[in-house]
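To keep things clear, I will list the structure first and then write my remarks on it.
In listed order, ligands and their atoms are each counted from 1.
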Amino acid sequence: MTQYSRVSGSVGLITLKNPPVNQLSAVVRHGIVDTVQKALSDPKVKSVVICGQNGMFCGGADIKEFQTLANMRGPPLIPMIHSIEAADKPVVAAIEGGAFGGGLELALGCHYRIAHSKAKVGLPEVTLGLLPAAGGSQRLPRLIGVPAALSLITTGRHITAAEALQLGLVDQVADHNTVDAAVKFALSVAGQSLDARRISNFQCPPVPNMDALFEDVMQKVRTTARGAIAPIACVQAVRAAATLPYTQGMQREKELMATLFTSGQARALQYCFFAQRVVGRWSMPSGARWDTSKGRPIHKAAVIGLGTMGRGITVALAQTGLSVVAVETQEKQFMEAKKAVSNMLERGAKRSGKPLAHGKITYSQSLQAVADVDLVIEAVFEDMGLKKKVFQQLSAVCKPGTFLCTNTSTLDVDELASQTHQPELVVGMHFFAPAHIMKLLEVVYGPRSSPELVAVVMELGKKMGKVSVAVGNCRGFVGNRMLKPYRDQAYFLLEEGATPQLIDQALEEFGFAMGAFKVSDLSGLDVGWKVRKEEGLVQPGGGSGKSARIRNGVRYSPLGDLMCEQGRFGQKTGRGWYQYDKPGSRDARPDPWMHSFLEEYRARHGLVARRISNQEVLERCLYAMINEGFRVLEDGIAAGPEDIDIIYVFGYGWPRHRGGPMFYANMVGLEIVLERLEHYAQANPDMPTLQPCSLLRKLVASGSPPVNKWKEVIKNVRSQL
Ligand SMILES: CCCCCCCC/C=C\C/C=C/C(=O)SCCNC(=O)CCNC(=O)[C@H](O)C(C)(C)COP(=O)(O)OP(=O)(O)OC[C@H]1O[C@@H](n2cnc3c(N)ncnc32)[C@H](O)[C@@H]1OP(=O)(O)O
C-alpha cells in the first residue's frame with residue numbers, strides 16, 4: 001500500500017498506493033511509518049519525497065474507517081505526521097490531483113510542498129462533521145494566517161494550486177511532472193537546516209483585533225451552520241492555534257474532535273458523502289443499470305420556453321460548453337429572456353472566473369429551429385394541454401433519435417411520452433429554481449424510457465455540475481410527492497391554532513433553510529392554487545359546512561385557496577403568509593392581518609385554537625413526509641433511501657447534518673416514528689397520509705435495520721405486492 005524506492009541516487013521516494021484516492025487506511029499508515037523509518041535510517045538517502053499513485057496525492061483519512069472506533073486500528077495519524085516533521089532530512093510532498101483532509105495534514109507535516117498547477121487542496125473535514133484533527137487546525141493558521149485558515153477550515157472548500165501558492169500553503173507549482181520537480185527540489189535542499197521549516201514551531205502571524213475577528217466569524221458561522229456543530233468546533237480549534245502554544249492547541253484539537261467524532265451529525269454527514277456517490281450508480285426496475293447502459297454524447301441541445309426555469313436551464317447548458325437553441329414563441333418574453341440570460345451568464349462568468357458562454361446560444365421564436373438538435377428540454381408553462389401540444393410538435397419537427405425531456409415538476413411523464421413517435425426517448429428532467437444554481441436534478445423515467453436515454457441525461461446532469469437522481473414516474477415524483485403531506489400538515493396545524501411563524505420557526509430551528517410558509521411565499525401561492533383548481537378541489541370562498549374541509553373523503557384545508565382569493569400570492573404581491581415591504585421583496589415579516597384571518601376562519605368552521613408545540617410541528621410535518629418516503633420506496637419510485645435523502649438535501653433545504661428524511665427516521669428510531677404516526681393517525685382518521693405505511697411496519701418488525709440494510713426488506717415487500 002506504499003511503495004519505496006531510492007531515486008536520483010539520494011532521494012527516498014515514498015508512493016502512496018491505495019485506490020481510489022490513496023486514502024490513509026491503516027495499511028497505508030503502516031506503510032508510511034515503515035518507509036519513512038527506512039529512508040531516515042539509510043545513510044545514502046539525503047532527502048525524501050512523498051507522492052501518490054495515479055495522479056492523486058491523497059484524499060485524506062479513510063472515511064469508511066470512521067464508522068466505528070473499532071475500525072481505527074493501525075498507527076495513528078498524529079504521531080506519524082510528527083515523526084515526518086521531526087525528521088532530520090528534508091521531506092517534500094509532491095501533490096498531484098489533490099491533497100484533502102488528512103492528506104493535506106500529511107503534507108503540512110512535510111518540510112516543503114510542491115503542487116501540480118491542476119491540483120487542488122483543502123481541509124473538507126467540516127463537511128463530514130469533523131475538524132482537521134491530525135494537526136491541521138493548528139498548523140494551517142501558523143502557516144497561512146488566521147483569517148485564511150478560518151476561511152478554509154470552516155467551509156472545507158477546495159482551492160487551486162495557484163491560490164495555495166499565493167497563500168503560502170505550497171512552496172512551488174509545477175506545470176509538468178510534479179514528482180520529478182519534487183525530486184529535483186529535494187536534491188537542492190538536502191543538508192539544509194530544517195529549523196525554519198517545521199510549522200509546529202511557528203507562531204501564528206499576529207492579527208489585529210483578534211477577539212473581534214473571532215467573535216465576528218463565530219457569529220457568521222452560527223448563522224450559516226443552521227445547527228451544525230462542526231463549523232463552530234473548527235472556529236474554536238483555530239482560536240486555540242492563535243492563542244495557545246502548539247502542544248496545548250493540539251490538546252484542544254483532540255478534545256473538540258472527540259465530541260464531533262461520535263456525534264450523530266458526523267454520522268449523518270458521512271452518510272451523505274457516500275449516499276451522493278450511491279445515487280450515481282442508478283438502476284431501473286427493468287434491471288437496467290448505470291454500468292451496463294451506455295449513453296451517447298450530446299453536442300447540441302434546445303430549451304423550449306424561456307420563463308424562469310427555461311432561462312436557468314439555458315444558462316446551465318451553455319455553461320457546460322454545449323451549443324444551445326433557446327426557443328420562446330412569445331415576443332415580449334423572448335426579448336426579456338435574451339437580456340436576462342445574458343445577464344445571468346455574465347454574473348456566472350464573474351463568479352467562476354471562467355470565460356463567457358454567450359456565443360454558444362442561438363435564440364429563435366420558432367420550434368422549427370430545433371430540427372437538428374440531439375436533445376430538447378421542454379420548459380413551458382406547467383399545463384398538461386400545452387405540454388402535450390409541444391411534445392406532438394417536437395415529435396414532428398426533430399430528427400429521429402432526438403431525446404425529448406420535460407422539466408415538469410409534477411405532471412405525468414408517460415402521458416407526454418405517449419404524444420410522440422418514440423415514447424422510449426422521453427424522460428423528465430426536473431430542475432429546481434434557479435436552475436443554473438440549484439444542484440439537484442430529478443431524472444424521471446417511465447416504464448418505456450430507454451436506459452440509453454437515462455444514461456445520457458444522468459451524464460449530462462453530471463456535466464452541468466448537478467447531483468442527478470434517477471426516479472420513477474408518479475405524481476410529484478419523489479421530492480414534490482413527499483412535500484405534499486408535509487405542507488398539508490403545516491396547513492392543518494394553522495387551522496388547529498398555530499401561526500405561520502410558529503411553524504416556520506420550528507422547522508428552521510430543526511435546520512431547514514426556510515420554513516414551509518416562507519417557501520410557499522417564495523414560490524408563489526398561485527402555482528398550487530391553479531393546480532388545485534384544475535383538479536376540481538377549489539370551492540369559491542373555501543366552501544361552507546362540514547364538507548368545506550373534506551375533499552374526496554380526506555381532510556383538506558382551503559386556507560391556501562382563501563389566501564389566493566385575497567390576491568395574497570406571496571413575495572411577488574408583497575403579501576402572502578407574511579408581509580413584505582413591497583412586491584418582490586424577500587424580507588418576511590409577520591402580518592397582524594393573519595391573526596384576524598385565522599381567527600375568523602376558525603370561528604366559521606367551529607375550530608378552537610389550541611397551543612401547538614414545536615415537537616408536534618416537527619412530528620406531524622416530518623413524519624408525514626417520511627411516511628410518504630416509505631411509500632415511495634414501497635412503490636419502487638426511488639431505488640433506495642439514499643436517493644430520497646439526496647433529493648431532500650440538495651433540492652429541498654433539508655439540513656445535511658441530519659442526513660435526509662429517511663436517515664433521520666433511522667436516527668430517531670423507526671419504532672418511535674411508527675408509534676407517533678399511529679398516535680396522530682388515530683387522532684386524525686381523516687388524514688390517510690398519517691396512517692403508517694406497511695414498509696415502515698415491516699422494517700420495525702425486522703428489528704429496525706440501519707438504512708443501508710433496508711433494500712433487503714424493500715425487495716421482500718415489493719415481491720409480495
Ligand atoms: C475519539 C476520537 C478519535 C479521533 C481519531 C480520528 C483521528 C483522525 C484524524 C484526522 C482527521 C482527518 C480526517 C480526514 O481526512 S476526513 C477525509 C477528508 N477528505 C475528504 O473529505 C475528501 C473526500 N473525497 C473527495 O472529496 C473526493 O473523493 C475527491 C475530491 C478526493 C475525488 O473526487 P472524484 O474524483 O470525483 O471521486 P469520488 O468522489 O467519486 O470518489 C471516488 C471513490 O473514492 C471514495 N473516497 C473518496 N475519498 C475517500 C476517503 N477519504 N475515504 C474513503 N473513500 C473515499 C469515494 O467514496 C468513491 O468511492 P465509491 O463510493 O465506491 O464510489
Side-chain angles (χ1 to χ4, degrees), residues 1 16 18-29 32 52-82 95-109 118-140 152-153 155-160 230 233-234 237 250-263 266-267 269-282 290-291 458 462-463 465-468 640 642 646 656 708:
M1 292 294 188
L16 313 185
N18 192 20
V21 297
N22 299 323
Q23 62 276 18
L24 296 164
S25 316
V27 61
V28 177
R29 301 197 300 276
I32 295 175
Q53 76 165 0
N54 292 337
M56 164 58 89
F57 181 71
C58 175
D62 184 343
I63 307 167
K64 288 200 175 111
E65 282 186 355
F66 290 169
Q67 309 306 307
T68 62
L69 270 177
N71 282 351
M72 307 279 297
R73 298 207 184 90
L77 271 178
I78 293 176
M80 181 190 96
I81 294 172
H82 270 148
I95 303 172
E96 286 179 322
F100 302 110
L104 182 57
E105 293 178 291
L106 168 65
L108 288 169
K118 294 224 167 92
K120 295 218 165 157
V121 299
L123 291 175
E125 286 88 339
V126 68
T127 64
L128 300 167
L130 305 173
L131 62 84
S137 75
Q138 302 306 299
R139 284 197 179 89
L140 193 67
L152 290 192
I153 292 174
T155 62
R157 72 190 170 93
H158 297 179
I159 58 171
T160 59
C234 286
M250 286 299 284
Q251 183 55 33
R252 184 79 182 117
E253 180 189 89
K254 187 174 166 187
E255 289 159 9
L256 289 163
M257 178 66 156
T259 313
L260 298 180
F261 194 76
T262 49
S263 70
R267 276 176 58 199
L269 287 160
Q270 288 160 33
Y271 162 81
C272 280
F273 175 84
F274 289 113
Q276 198 179 330
R277 283 142 184 93
V278 165
V279 301
R281 298 191 280 269
W282 56 272
W290 63 285
D291 52 351
M458 291 294 281
K462 202 170 173 184
K463 276 204 186 126
K466 306 289 178 202
V467 177
S468 310
E642 295 89 352
I646 289 303
R656 194 178 165 99
N708 60 358

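- Among all heavy-atom pairs drawn from Gly98 and Phe57, the shortest one is O-CB, 3.1 Å.
- Without hydrogens or angle criteria, Gln138 side chain to Ala134 main chain gives no donor-acceptor distance under 3.5 Å.
- Counting only heavy atoms from C-beta outward, the side chains of Lys64 and Phe274 approach each other to under 4.5 Å.
- Residue contact annotation: Glu105 has a non-hydrogen atom under 4.0 Å from ligand 1.
- Look at Lys254 and you'll find every heavy atom at least 4.0 Å from all atoms of ligand 1.
- Under a 4.0 Å criterion applied to the non-hydrogen atoms of Gly101, ligand 1 contributes the atoms 15 (O), 18 (C).
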Chi angles and distances behind the side-chain contact (heavy atoms from CB on, under 4.5 Å) call for Gln53, Leu16
CA-CA 6 Å; Gln53 76 165 0; Leu16 313 185; over 6 Å; no
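- With distances taken over non-hydrogen atoms, the option nearest atom 23 (C) of ligand 1 out of Phe273, Phe100, Phe274 is Phe273.
- Within ligand 1, the atoms closer than 4.0 Å to a non-hydrogen atom of Gly60 are 15 (O), numbered from 1 in the order shown.
- Put simply, part of Asp62 is less than 4.0 Å from ligand 1, judged by heavy atoms.
- By the criterion of a heavy-atom distance under 4.0 Å, the side chain of Leu128, and not its backbone, is placed next to ligand 1.
- Among Lys64, Arg277, His158, the residue whose heavy atom sits closest to atom 58 (C) of ligand 1 is Arg277.
- Distances from atom 13 (C) of ligand 1 to the heavy atoms of Glu125, Glu255, Met56, Glu253 put Glu125 nearest.
- In Pro20, the part holding a heavy atom less than 4.0 Å from any atom of ligand 1 is the side chain.
- Summarising the contacts of atom 21 (O) of ligand 1 with Gly103, Ser137, Pro124, the nearest heavy atom is found in Pro124.
- Proximity of Arg281 to ligand 1, defined as any heavy-atom pair under 4.0 Å, is confined to the side chain (atoms from C-beta onward).
- In terms of heavy atoms, Ser25 sits closest to Asp62 at OG-OD2, 2.9 Å.
- Of all the heavy atoms in Leu123 and Gly101, the pair that sits closest is CD2-O, 3.6 Å.
- Where the criterion is an N or O separation shorter than 3.5 Å, residue side chain and backbone included, Val21 fails it with respect to ligand 1.
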Leu152/Arg157 under side-chain contact (heavy atoms from CB on, under 4.5 Å): CA gap, chis, key distance, verdict:
CA-CA 6 Å; Leu152 290 192; Arg157 72 190 170 93; 3.9 Å; yes
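- Contacts with ligand 1 closer than 4.0 Å are made by heavy atoms of both the backbone and the side chain of Ala134.
- Closest approach of Leu269 and Val126 over heavy atoms only: CD1-O, 4.3 Å.
- A distance-only check finds a donor-acceptor pair linking the side chain of Glu105 to the backbone of Gly136 [under 3.5 Å].
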